[in-house]
Amino acid sequence: MTIAVPIVKTNGTGNDFVIVDERVAPLDDPVAFARRICARDDGGLGADGVLLVGSSQHFDARMRVINADGSEAEMCGNGMRCVARYLDEHDGIGAATVETLAGPIGTRIIERAPYRIAVEMAEPRIGDRIVLARGDGGAFDDVTPVDVGNPHVVIVVDDFRDIDLAVDGARIERDPRFPHGTNVHFVALRGERIDVVHWERGAGATQACGTGAVAVAAVLMASGRAASPVMLHVPGGLLEVAWTPGTRPTLVGDAVREFERTVSI
Ligand SMILES: N[C@@H](CCC[C@H](N)C(=O)O)C(=O)O
C-alpha cells in the first residue's frame, strides 16, 4: 500500500531537513524513510536528516532527529529552529518548549521576515583535551570532546588546508574513543574571525551544525580564545552563540522553508 506523507523541506543556515508532522502522518518505518528521502542521488529529495514532529505529554511538541543514514540523534540545533518556525506557522506557537532526547529545549521567534530564531540549548559539558592521530602520520593536538546532549569533538587547526574533511572527519566520527560516534568540527582562528567546517555523525559534511556551533563556542570561551556572544562563520552562513558558564547557551540563526509537498511512500 502506498501512503501519502506531507513534508516540509527546510534548512537552518544551509543544514537541510525534511520535516514530517507525525501528528498528521505517522511513519511506520522512519529509518527507511530517512534513508530514502535524504539521498542526494537515487531519487531522494536530498537532506541531512528528517525531523519528526510529534505530540508531547508535558511540552508543546516533541522533535525526533533521524540522520540521513537512519541513525537517531539526541538533538539538532539548526533543526530545532526549523521546527520552531513550523510550530509558529502551523500551530501558532511563537515560543515553544520542545521535548527531545537531550531534554526539553526552549525556542523563541526573534523576527519573522526573514525568520530569525533563538534556541535555548543544553548546557555544554566540556571534556579534557586529547590528541588524535591524523591520517598522514601526524597528530591533531588541540582536540576537545564536548557533550551538548549529543557528542562532539572540536579540533582547532592552523589552516583548513591541513585537513581532508571527508577522510579525517569520517575516521574521527568512528574513533573507538567515542563509543556512540561523534560529530567533528574543525576550527580555524583568523584574528577575531572564527571559521568552522563540520563533519556530522550520520550525515557527513554539512553546511552548518547548531549543536556543533555551541560546542565550538564553549571550547573557545572556556579557553579564553573568544568572548560571548561568538559569531561563527560556517559554510552555510553565520551562527551566533551566547553563553555564560553555569547557564544554558543560546543559539541564534535563520530558518528557511524551501518547499512543501506530499511524497508517496
Ligand atoms: N545538524 C545538527 C545535529 C544533527 C545530529 C547529529 N548529526 C548527531 O548525530 O548528533 C545540529 O544542527 O545540531
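- In this structure, R190 satisfies the cation-pi test against F160, with its NZ or CZ atom closer than 6.0 Å to the six-membered ring centre and inside 45 degrees of the ring normal.
- Under the 30°/60° scheme for interplanar angles, the aromatic rings of H185 and H198 are found to stand perpendicular.
- Salt bridge status for R35 with D29: absent, with no side-chain N to carboxylate O gap under 4.0 Å.
- Atom CG in L232 sits 11.0 Å away from atom CZ in R193 (nearest 0.5 Å).
- Taking a cutoff of 4.0 Å between a charged side-chain nitrogen and a carboxylate oxygen, D16 and R40 qualify as a salt bridge.
- Residues E258 and K9 are paired through a salt bridge, judged by an N-O separation under 4.0 Å between the basic side chain and the carboxylate.
- For the pair Q207/T13, no side-chain contact is recorded, criterion being any heavy-atom separation below 4.5 Å from C-beta on.
- Taking the ring axis of F178 as reference, the NZ or CZ atom of R174 does not stay both within 45° of it and closer than 6.0 Å to the ring centre.
- Atom CD1 in I19 sits 7.5 Å away from atom OH in Y86 (nearest 0.5 Å).
- A salt bridge links D254 with R81: the distance from a Lys NZ or Arg NE/NH1/NH2 to an Asp or Glu carboxylate oxygen falls below 4.0 Å.
- By the 4.0 Å N-to-carboxylate-O rule, R248 lies close enough to E120 to be salt-bridged with it.
- Using a 4.5 Å heavy-atom threshold, the side chains of C76 and F17 count as touching.
- V252 is not connected to V256 by any chain of hydrophobic side-chain contacts under 4.5 Å among Ile, Leu, Val, Met, Phe, Trp and Tyr, and they are in different clusters.
- Put simply, the side chain of I194 reaches to within 4.5 Å of the side chain of V230, judged on heavy atoms.
- Under 4.0 Å is where a charged nitrogen must lie from a carboxylate oxygen, and between R112 and D88 at least one such pair does.
- The CG atom of N15 sits 5.0 Å away from atom CD of E200, with the distance rounded to the nearest 0.5 Å.
- Side-chain contact between D21 and H90 is absent, with no heavy-atom pair separated by less than 4.5 Å.
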